[in-house]
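Worksheet: the structure to be examined is printed underneath.
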Amino acid sequence: MADLRELYQEIILEHCKQPRNYRALPAANHKAEGYNPLCGDHYTVYLNVEGDTIRDVSFEGSGCAISKASASMMTQALKGKSCAEADAIFERFHKLVTGQAESNGTQALGKLAAFSGVSEFPVRVKCATLAWHTLQAALKDQQEPVSTE
Ligand code: ZN
């Protein structure tokens, strides 16, 4: 278990250092902003949705390692998925970071399982889910920035 934990930590640090899809998206047809005032995390999530498919997704902004790595891995996990699949993945991810995951649900999350340790630090749940809430707001074309408070 300790080995797995170290591996998870490595994945998170690696994504924090080299976030994937970290750019504005000129072709975006949805975007939203999200804040986590408790930690100072602040991101914009860009989406290009065609029909019901997330063709492209990217993000910009700054924040702690957990929030940035979560946003980075989210963009990787959701590219090419349908909006319904994105909702289902978020639901599973949310259960994972709040400590309510079923073991088969965690397996289906792939690399996102790296965030399982977050469930031991409730204040970090907001960091880990900020980009996901922001993505949902973008899909709904919500004008108001998302705030975790
Ligand atoms: Zn944070």
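The first residue in the sequence is number 1, and the count goes up from there. Because the structure is a prediction, the values reported are computed rather than measured. One-based numbering, in listed order, for ligands and for the atoms of each.
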Are Y46 and H30 an aromatic pair by the rule of ring centers under 6.0 Å?
no
Any residue meeting side-chain hydrogen bond (donor to acceptor under 3.5 Å, both in side chains) with E144, in chain and number order, not counting sequence neighbours:
none
Has the side chain of T53 got a donor or acceptor atom that lies under 3.5 Å from a matching backbone atom of G80?
no
Pull up every protein N/O/S atom sitting under 2.8 Å from the Zn ion (ligand 1), skipping waters.
C39 SG, D41 OD1, D41 OD2, C64 SG, C127 SG
Identify whether NZ of Lys or CZ of Arg in K68 sits under 6.0 Å from the centre of the six-membered ring of Y22 and within 45° of that ring's axis.
yes
Is the shortest side-chain N to carboxylate O distance from K31 to E60 below 4.0 Å?
no
Under 30°, 30 to 60°, or over 60°: which ring-plane class applies to W132 and F90, parallel, tilted or perpendicular?
parallel
